[in-house]
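Quick one: the structure is below, and I'll ask about it shortly.
Indexing begins at 1, ligand by ligand and atom by atom, following the structure's order.
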Amino acid sequence: MPSAVITGTGMCVPERVVTNAELERLVDTSDAWIRTRTGIRERRLVAPGEQASTDLAEGAARQALAAAGVPAQALDLIVVATCTPDYPAMPAVAPLLAGRLGAERAGGFDLSLACTGFVAALATVQAFVRSGAASTALVVGVDVMSSIIDWSDRSTCVIFADGAGAAVVRASPAGDALAGGEVLHASLGMQGNETALVVPAGGSRRPLGAGDAALLARGDNRLRMAGQQTFRFAVTTMAAEIERAARAVGVSPAEFALVVPHQVNERIIAAAIERLGYPRERVVIDIDRWGNTCGGSVPIALDEAVRGGRVQPGDLVCLVAFGAGLSWGSAVLRWR
Ligand code: COA
């Protein structure tokens with residue numbers, strides 16, 4: 001059975017920097033509150049209507065393909081994790097992205113699992129590659145969260161942001177040690193919950209139509225979050241998933257050279273890491289610059305770690321994510 005190896009990564013964020021000071025002018029908040037409660041100093045947001053998920057996905061994908069030295073025409077699978085596609089129901093981002101890249105041989109689809117999306121997409125692609133159903137795949141995590149944020153809700157508008165990350169995953173036949181991050185393990189979990197993180201209207205449970213002005217004015221077509229419920233879930237889940245990932249590959253969490261967590265909130269990451277007694281300097285934290293980019297969060301952090309020389313041959317790297325659903329997942333990569 002071939003192994004699945006990440007041979008190139010990339011990322012793309014909008015150019016527009018939005019500081020905490022700018023949000024102070026929008027809602028009753030402060031730079032000090034945002035920094036101490038979330039760890040975020042600034043984030044990137046698209047100029048409304050000017051860029052959609054496919055645009056950011058394309059930027060990240062082009063970087064990942066260049067890093068892997070793979071032409072788009074070689075791709076046979078594209079999986080895009082997003083909960084903010086360009087269009088509400090169809091078409092999906094994956095075919096639009098294939099068109100942009102000229103990936104004529106690729107099949108693919110979108111996968112919707114909010115902040116867990118990239119890890120779920122990686123788990124899916126790993127299974128395709130190991131089974132022989134695909135040999136050169138592109139995995140993208142992207143969200144334009146600004147398109148579903150209620151800009152009058154201070155508990156969410158300071159947290160979420162826009163961004164995309166991508167990885168090229170190639171089949172490496174047994175005995176052929178393709179350089180990169182071999183996906184040793186990937187697993188997922190979930191538990192139905194319709195209150196912690198939900199966009200109440202605009203889907204099949206509550207379609208929107210003419211006459212819904214009051215509902216729209218209330219922002220029911222925007223993200224609603226039960227902050228404290230999400231906080232407790234995130235801390236417990238992140239710690240448990242890192243332990244589960246370590247057990248799956250027969251090591252202790254301390255043997256992970258690097259942990260790449262979903263950039264949910266610096267306090268959540270710090271609390272989970274403290275529970276495990278894992279050294280904080282071996283955790284990738286970039287939420288200060290990018291905010292919580294949902295599907296983009298893990299692949300952006302991974303790309304920064306790779307380009308920053310934080311992963312070396314022999315390293316075990318743990319990716320961990322969790323979010324709406326509720327859902328969670330982890331993956332272990334061995335660098336080689
Ligand atoms: N600026 C100032 N005050 C704010 C605020 C903001 N941006 N957002 C919330 N507050 C207020 C609350 O209204 C509350 O005021 P009150 O006491 O008068 O009611 C107070 O701060 C404390 O709220 P609380 O929810 O207890 O704060 P917290 O320390 O839990 O932090 C979050 C709030 C949202 C930052 C935190 O709950 C959190 O990060 N949750 C997880 C959310 C998340 O990451 N979701 C993504 C999952 S993928």
Which of the ligand 1 atoms, numbered from 1, are nearer than 4.0 Å to a heavy atom of Arg267: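 Taking each heavy atom of Arg267 in turn, ligand 1 has 29 (O), 31 (O) under 4.0 Å.
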
Exercise. Go through the side-chain N and O atoms of Ser135 and Asp76 and say whether any donor and acceptor fall under 3.5 Å apart.
Key: yes

of all protein heavy atoms, closest to atom 25 (O) of ligand 1 is Gln228 NE2, 3.5 Å

| Within one Ile-Leu-Val-Met-Phe-Trp-Tyr cluster: Val284 and Leu316, side-chain cutoff 4.5 Å |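 No, no single cluster joins them.
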
Check: Do we see a donor-acceptor contact under 3.5 Å between the side chains of Arg336 and Ser172?
Finding: yes

Does the residue Cys115 have a heavy-atom contact with ligand 1, meaning some pair of atoms that are separated by less than 4.0 Å?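 Yes, Cys115 has a heavy atom closer than 4.0 Å to ligand 1.
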
- Kindly confirm or rule out an N or O of Ser30 lying under 3.5 angstrom from an N or O of ligand 1. no

Starting from atom 1 (N) of ligand 1, what is the nearest protein heavy atom, named by residue and atom, and what distance separates them?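 Going by distance alone, atom 1 (N) of ligand 1 is nearest to Thr29 OG1, 2.6 Å.
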
Review point. Is atom 18 (O) of ligand 1 less than 4.0 angstrom from at least one protein heavy atom?
Key: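 No, no protein heavy atom sits under 4.0 Å from atom 18 (O) of ligand 1.
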
**Request:** Using a 4.0 Å heavy-atom threshold (strictly under), name the region of Val158 that reaches ligand 1: side chain, backbone, both or neither.
**Result:**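 Side chain only; the backbone of Val158 stays clear of ligand 1.
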
Is a side-chain donor-acceptor pair under 3.5 Å present for Ser146 with Asp162?
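Yes, because at least one side-chain N or O of Asp162 sits under 3.5 Å from a partner of the opposite role on Ser146.
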
protein heavy-atom neighbour closest to atom 47 (C) of ligand 1 works out as Thr230 CG2, 3.5 Å

**Asked** Stepwise, does the side-chain contact (heavy atoms from CB on, under 4.5 Å) test hold for Ile285 with Gln263?
**Response** CA-CA 7 Å; Ile285 299 180; Gln263 304 294 308; 4.0 Å; yes

TODO: Have a look at ligand 1 and work out which part of Asn292, if any, has a heavy atom under 4.0 Å from it: side chain, backbone, both or neither.
DONE: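 Contact part for Asn292 vs ligand 1: side chain (C-beta onward).
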
In Thr136, Val5, Leu122, Val79, the residue satisfying side chain to side chain contact (heavy atoms under 4.5 Å, CB included) with Val169 is Leu122

How far is atom 13 (O) of ligand 1 from its nearest protein heavy atom, and which residue and atom name does that atom have?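 For this ligand atom, the closest protein heavy atom is Arg154 NH2, 2.9 Å.
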
Would you say that Pro200 contacts Arg206 through its side chain, given a criterion of any heavy-atom pair below 4.5 Å between the two side chains?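 In short, these two side chains do not touch, never coming nearer than 4.5 Å.
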
Output for pair (Ser155 OG, Met225 CE), nearest 0.5 Å, gives 4.5 Å

Gly227 N/O under 3.5 Å from ligand 1 N/O: yes

- Any non-hydrogen atom of Val264 lying under 4.0 Å from ligand 1?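 Flag set, Val264 near ligand 1.
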
* Which residue and heavy atom of the protein sit nearest atom 43 (C) of ligand 1, plus the separation ->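 Residue, atom and distance for the closest contact: Met225 SD, 3.7 Å.
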
Here the pair of heavy atoms bringing Leu23 nearest to Val158 is CD1-CA, 3.7 Å

Subset of ligand 1 atoms that lie under 4.0 Å from at least one heavy atom of Phe160: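 Near Phe160, the atoms of ligand 1 are 46 (C).
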
Note the single closest protein heavy atom to atom 29 (O) of ligand 1, along with its residue, its atom name and the distance in Å.
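Ranked first by proximity to atom 29 (O) of ligand 1 is Arg37 NH1, 2.4 Å.
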
Atom 39 (O) of ligand 1 sits nearest the protein heavy atom Asn265 ND2, 2.6 Å

query = Where's the contact between Phe233 and ligand 1, heavy-atom distance under 4.0 Å: side chain, backbone, both or neither?
reply =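 The answer is neither.
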
Judged by non-hydrogen atoms, does Leu23 sit under 4.0 Å from ligand 1? no

With heavy atoms only and a cut-off of under 4.0 Å, state how Ile268 meets ligand 1: side chain, backbone, both or neither.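 Side chain only.
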
Query raised in the report: Counting only N and O atoms by type, is there a donor-acceptor contact under 3.5 Å from the side chain of Gln63 to the main-chain atoms of Met11?
Result: yes

Check your understanding: Counting N and O atoms only, with roles assigned by atom type, does the side chain of Glu241 sit under 3.5 Å from a partner on the main chain of Val320, one being a donor and the other an acceptor?
Key ->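 Answer holds: no.
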
Report task. Quick one: sort the Phe128 and Phe109 rings into parallel, tilted or perpendicular, breaks at 30° and 60°. Result -> tilted

When you measure from the heavy atoms of Asp28 to every atom of ligand 1, does any distance fall below 4.0 Å?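 It does; at least one heavy atom falls under 4.0 Å.
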
Scan the side chains in residues 231-239 for donor-acceptor partners under 3.5 Å anywhere in the protein, sequence neighbours excluded, and list what turns up.
{"unit_1": "Thr236", "atom_1": "OG1", "unit_2": "Arg232", "atom_2": "O", "d": "2.7"}
{"unit_1": "Thr237", "atom_1": "OG1", "unit_2": "Phe233", "atom_2": "O", "d": "2.6"}

Inset, instruction - Would you mind checking which non-hydrogen protein atom is closest to atom 8 (N) of ligand 1, with the distance to 0.1 Å? - result: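 Minimum-distance protein heavy atom for atom 8 (N) of ligand 1 reads Trp33 CH2, 3.2 Å.
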
